[in-house]
Participant: 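One structure follows; several queries about it will come next.
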Amino acid sequence: MAFDTLSYAVENGVATITLNRPAHLNAITQKMYEELPVAFRRAAEDPAVVVTVLTGTGRFFSSGADVTERPTITPPSLEDRDATRAYYRRRFDGTIEKGAMAIIEHPKVVIAALNGPVVGVAAALISHADLIYISSNTTLHAPFTSLAISPEAGSSFMFMKRMGYSKAMEALLFSKKFTAEELIQCGFANAILPTENFHGQLAQKLAPILKSTAPASLITTKKLIHANFKDQQQAAVYREVKELTERFVSGDPQRVFGALMAKHAKGKL
């Protein structure tokens with residue numbers, strides 16, 4: 001299967017899934033949500049793959065959800081709360097939940113390679129990676145409360161687990177933007193690699209590690225560690241989909257996004 005929004009390659013035991021919409025800062029579309037689980041499943045089923053790297057092309061890892069994308073099905077009127085609730089629950093089950101589960105349930109070692117800024121739901125998704133390597137120009141921003149929404153894709157659990165309670169509160173309550181150095185200091189990321197030839201630097205780092213370790217042992221060790229909290233990751237995703245749905249039932253996010261879109265359109269005139 002050829003991908004429209006991603007690229008996929010395997011070399012030396014490493015499957016690389018690359019978000020490939022650089023002209024749109026790799027904003028996540030419905031199509032990308034459909035393709036991500038397929039790409040992760042391909043890597044999972046390939047016996048030659050030990051490590052799966054998720055990265056991006058261009059200046060950004062991802063700018064988050066593509067808010068300019070028009071839904072294929074028109075949302076119901078907010079006056080019909082039950083219909084609105086059902087609409088958004090189906091939508092988030094088929095996008096955010098599937099995207100998160102593709103990473104959570106992946107049996108191979110998952111590395112998020114952040115080639116640049118990561119925003120919103122993309123930041124939530126990569127928090128489930130086993131290891132995170134970042135470029136020196138990476139920033140992380142999860143402006144959920146600024147957009148009148150709530151944490152997505154299990155971030156209320158994984159941010160706290162990766163960076164600690166205090167920093168997670170800053171990130172998720174106050175939409176604090178973290179620099180690359182701050183992501184290292186709080187433990188969210190493992191290492192900073194030079195922005196220039198970032199992907200080549202990562203390949204050089206992984207090559208001797210994979211050469212000196214047993215593939216089956218790596219995969220088994222990941223499974224044993226992950227078993228300690230996998231249920232909590234999944235439960236957080238389900239809780240967050242439910243609460244995010246209620247946010248949209250309220251109509252508040254639609255008003256915020258509408259204002260942002262109007263401002264964007266006015267800036268183009």
Participant: Distance-only, no hydrogens or angles: does the N190 side chain make a donor-acceptor pair with backbone N or O of Y133 under 3.5 Å?
Facilitator: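 Not at all, since once roles are kept as given, no pair shorter than 3.5 Å links the two residues.
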Participant: Check whether any side-chain N or O of D252 sits under 3.5 Å from a backbone N or O of R247 as a donor-acceptor pair, and report yes or no.
Facilitator: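 Not at all, since once roles are kept as given, no pair shorter than 3.5 Å links the two residues.
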Participant: Looking at L78 and F248, what are the two nearest heavy atoms and their distance?
Facilitator: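 Closest approach of L78 to F248: CD2-O, 3.6 Å.
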Participant: Do we see a donor-acceptor contact under 3.5 Å between the side chains of T138 and S135?
Facilitator: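 There is such a pair (donor and acceptor under 3.5 Å, judged by atom type) between the side chains of T138 and S135.
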Participant: Under a 3.5 Å cutoff, is there a donor and acceptor pairing between the side chains of N20 and T18?
Facilitator: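 Side-chain D/A pair, N20 to T18: absent.
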Participant: Please report the closest heavy-atom contact between N115 and N137, naming both atoms and the distance.
Facilitator: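 Heavy-atom minimum between the residues: O-OD1, 3.6 Å.
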Participant: Does the H106 side chain pair with the main chain of A43, one donor and one acceptor, at a distance under 3.5 Å?
Facilitator: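 Pair absent, no side-chain N/O of H106 close to backbone of A43.
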Participant: Nearest 0.5 angstrom please: R42 CZ to I17 CD1, how far?
Facilitator: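 It is 9.0 Å, given to the nearest 0.5 Å.
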Participant: Step by step, would you call V38 with F3 a side chain to side chain contact (heavy atoms under 4.5 Å, CB included)?
Facilitator: CA-CA 9 Å; V38 176; F3 296 107; 3.9 Å; yes
Participant: Do the side-chain N and O atoms of E35 and T5 include a donor-acceptor pair separated by under 3.5 angstrom?
Facilitator: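 The answer is yes; a qualifying pair exists.
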Participant: Indicate the atoms forming the closest heavy-atom contact of P253 with A148, along with that distance.
Facilitator: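 Shortest heavy-atom separation between P253 and A148 comes out as CG-O, 3.3 Å.
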Participant: Closest heavy-atom contact between I126 and A112?
Facilitator: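 The pair with the smallest heavy-atom distance is CB-CB, 3.9 Å.
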Participant: Show your working on side chain to side chain contact (heavy atoms under 4.5 Å, CB included) between L210 and L218 and close with a plain yes or no.
Facilitator: CA-CA 9 Å; L210 293 178; L218 282 176; 3.9 Å; yes
Participant: Taking the six-membered ring of Y238 as reference, does the cationic atom of K242 (NZ for Lys, CZ for Arg) lie under 6.0 Å from its centre and within 45° of its axis?
Facilitator: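 Cation-pi check for K242 and Y238: fails.
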Participant: Within the distance-only criterion (no hydrogens, no angle test), does the side chain of E152 pair as donor or acceptor with the backbone N or O of A124 below 3.5 angstrom?
Facilitator: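 No; zero donor-acceptor contacts below 3.5 Å.
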Participant: So, the side chain of K222 versus the backbone of K108: is there a donor-acceptor pair under 3.5 Å, distance only?
Facilitator: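 Yes: the side chain of K222 pairs with the backbone of K108.
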Participant: Could you go through L131 and V51, starting from their C-alpha distance and side-chain angles, then the distance that decides it, and tell me whether this counts as side chain to side chain contact (heavy atoms under 4.5 Å, CB included)?
Facilitator: CA-CA 10 Å; L131 298 156; V51 171; over 6 Å; no
Participant: Any donor-acceptor pair under 3.5 Å linking the side chain of K98 with the backbone of P37?
Facilitator: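 Checking the backbone N and O of P37 against the side chain of K98, no donor-acceptor pair under 3.5 Å is found.
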Participant: With P76, which residues qualify under side chain to side chain contact (heavy atoms under 4.5 Å, CB included), at least two apart?
Facilitator: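 Side chain to side chain contact (heavy atoms under 4.5 Å, CB included) check on P76 returns A83, T84, Y87.
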Participant: Does K167 make a cation-pi contact with F178, if we ask for NZ or CZ under 6.0 Å from the ring centre and within 45° of the axis?
Facilitator: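 That pair does not qualify as a cation-pi contact.
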Participant: Look at the side chain of N228 and the backbone N and O of I225, then say whether any donor-acceptor pair between them is shorter than 3.5 Å.
Facilitator: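 It does hold such a pair.
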Participant: Nearest 0.5 Å, please: how far is CG in L172 from CE in M163?
Facilitator: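 With rounding to 0.5 Å, CE (M163) is 7.5 Å from CG (L172).
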Participant: Identify the two heavy atoms, one from G56 and one from F61, that lie closest to each other, and give their separation to 0.1 Å.
Facilitator: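 Scanning both residues, the minimum pair turns out to be N-CD1, 3.8 Å.
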Participant: Tell me whether D93 is salt-bridged to R90, with the criterion being a basic N under 4.0 Å from an acidic carboxylate O.
Facilitator: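 Not counted as a salt bridge, because no side-chain N and carboxylate O are separated by less than 4.0 Å.
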Participant: Applying side chain to side chain contact (heavy atoms under 4.5 Å, CB included) to L54 and I103, what does each step give before you reach the verdict?
Facilitator: CA-CA 10 Å; L54 179 62; I103 300 174; 4.3 Å; yes
Participant: What are the two closest heavy atoms between M160 and Y165, and how far apart are they?
Facilitator: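 In terms of heavy atoms, the two residues are closest at SD-CD1, 3.7 Å.
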Participant: Between H199 and T16, is there a side-chain heavy-atom distance shorter than 4.5 Å?
Facilitator: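 Not touching, per the 4.5 Å side-chain cut-off.
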Participant: In terms of relative ring orientation, are F159 and F188 parallel, tilted or perpendicular, with 30° and 60° separating the classes?
Facilitator: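 Plane angle over 60°, so perpendicular.
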